[in-house]
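Take a look at the structure below.
So you know, we letter chains A, B, ... as the sequences are listed, proteins then strands, and number each from 1. Just so we're clear, the structure is a prediction, and the values are computed from it rather than from any experiment. Quick note: numbers below take in every heavy atom, side chains included, and nothing from hydrogens, waters or symmetry partners.
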Number of protein chains: 2
Amino acid sequence: MNSVIVNKLRDLREAKRNESNNPELWTQEGLATRLGVTRQTIISMEKGTYNPTLSLAFKLANLFGVRIEDIFEYRDEKK
Amino acid sequence: MNSVIVNKLRDLREAKRNESNNPELWTQEGLATRLGVTRQTIISMEKGTYNPTLSLAFKLANLFGVRIEDIFEYRDEKK
DNA sequence: ACTTTACGTAAAGTATACTTTACATCATAA
DNA sequence: TTATGATGTAAAGTATACTTTACGTAAAGT
């Protein structure tokens, strides 16, 4: 709780959605299904600072074809 | 649950513990303290497949001076 | 013997990631 | 007007990461 994870999920997803010729793959629902999570989980993540499990982070990075650090940024709130 | 995270924590920690001139920094307890978790968490991780939060994975990578993928491996058990 | 250090185990509790269900809004199109 | 697709919100439930406490063992030093 003295550290925060921020992410660029929303922007990355919309970019994919615009580029893709299968845009429905990149809706919240499409993403969720392919990740094996629910749409609520996507919504929570896109909403702001959210600390997912490592396995979900890996799955996302794989789907987007980038590294974890390209989606998530770790911010240290050191005292 | 159709995917698994394996890690090399134990080996990496012991290596650090042997190299270091401050070995107590690399005991389970030393590691735990610096990560802001308990020794039980370290034990659970070293014990086998464990799916930590992304923030903990980032902290570990920073402490060990490596990338997340150098500690954790994502294995897809796809159907 | 005894103390200390590092590691192991077990069991119950807390926090939070993630689910489930249900209903609402808004744009677009028939 | 009615339908459909995509997003938003809210509330209660489940799974599991992580904590807390406590006790056990075994090695190494005194």
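- Contact annotation for B:Gly36: backbone-only contact, meaning every heavy-atom pair under 4.0 Å involves sugar-phosphate atoms and none involves a base.
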N/O-N/O pairs, protein side and nucleotides 11-14 of chain D side, under 3.5 Å:
none

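- Considering only residues two or more places apart in sequence or on other chains, B:Asp70 meets the salt bridge (Lys or Arg N to Asp or Glu O under 4.0 Å) condition with B:Arg67.
- For the pair A:Leu60 CG and C:dC18 C1', the interatomic distance rounds to 14 Å; values are reported in whole Å.
- Close to C:dT16, at under 4.0 Å from its OP1 or OP2, lies no side-chain N or O of A:Tyr50.
- Taking atom CG of residue B:Asn22 and atom P of nucleotide C:dA6, one finds them 12 Å apart after rounding to whole Å.
- Atom CG in B:Leu54 sits roughly 11 Å away from atom P in D:dC18 (whole-Å rounding).
- Within the 4.0 Å cut-off from OP1 or OP2 of D:dA17, not a single side-chain nitrogen or oxygen of B:Ser44 is found.
- For residues 18-44 of chain A, no pair satisfies salt bridge (Lys or Arg N to Asp or Glu O under 4.0 Å), with sequence neighbours left out.
- Under 4.0 angstrom from either OP1 or OP2 of C:dT19 there lies at least one side-chain N or O belonging to A:Thr38.
- With sequence neighbours excluded, the residues satisfying side-chain hydrogen bond (donor to acceptor under 3.5 Å, both in side chains) with A:Asn51 are B:Ser55.
- Remark: P of C:dT19 and CE of A:Met45 are 11 Å apart, rounded to the nearest angstrom.
- What you find for A:Asp76 and A:Tyr74 is that their closest heavy atoms are OD1-OH, 3.6 Å.
- Here the closest heavy-atom approach between residue A:Met45 and residue A:Asn7 is recorded as O-ND2, 3.1 Å.
- Residue contacts for B:Thr53: at a heavy-atom cut-off of 4.0 Å it reaches the sugar-phosphate backbone alone, with no base atom in range.
- For the pair B:Leu56 and B:Pro52, the tightest heavy-atom approach, listed with the atom from each and the gap, is CD2-CB, 4.2 Å.
- Heavy-atom minimum distance, B:Ile42 versus B:Ala32: CG1-CB, 3.7 Å.
- Atom pair B:Ile42:CD1 and C:dT9:P shows a separation of 16 Å (rounding to whole Å applied).
- Dashed line: the shortest gap from a side-chain N or O of B:Thr41 to OP1 or OP2 of D:dT19 is under 4.0 Å.
- Taking atom CD of B:Glu46 as the reference point, atom C1' of D:dC18 lies 16 Å away to the nearest angstrom.
- Between B:Phe58 atom CZ and D:dA17 atom P the separation is 19 Å, expressed in whole Å.
- For B:Thr41 against B:Tyr50, the heavy-atom pair with the smallest separation is CG2-OH, 4.2 Å.
- The nucleotide C:dG13 finds its pairing partner in D:dC18, both defining distances of the Watson-Crick or G-U wobble pair being shorter than 3.5 Å.
- One interatomic measurement links the two molecules: NZ of B:Lys59 to P of D:dA17, which rounds to 16 Å at whole-angstrom precision.
- The nearest pair of heavy atoms linking A:Trp26 to A:Leu63 is CH2-O, 3.7 Å.
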Atom pairs under 3.5 Å, N or O on each side, protein against nucleotides 5-7 of chain D: can you list them with distances?
residue : atom : partner : partner atom : Å
D:dT7   : OP1  : A:Arg13 : NH1          : 3.0
D:dT7   : OP2  : A:Gln28 : N            : 2.9

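- Applying the salt bridge (Lys or Arg N to Asp or Glu O under 4.0 Å) test to A:Arg17 and every residue at least two apart in sequence or in another chain returns nothing.
- Picking from C:dT9, D:dT19, D:dA17 the nucleotide with the shortest atom distance to the side chain of B:Lys47 gives C:dT9.
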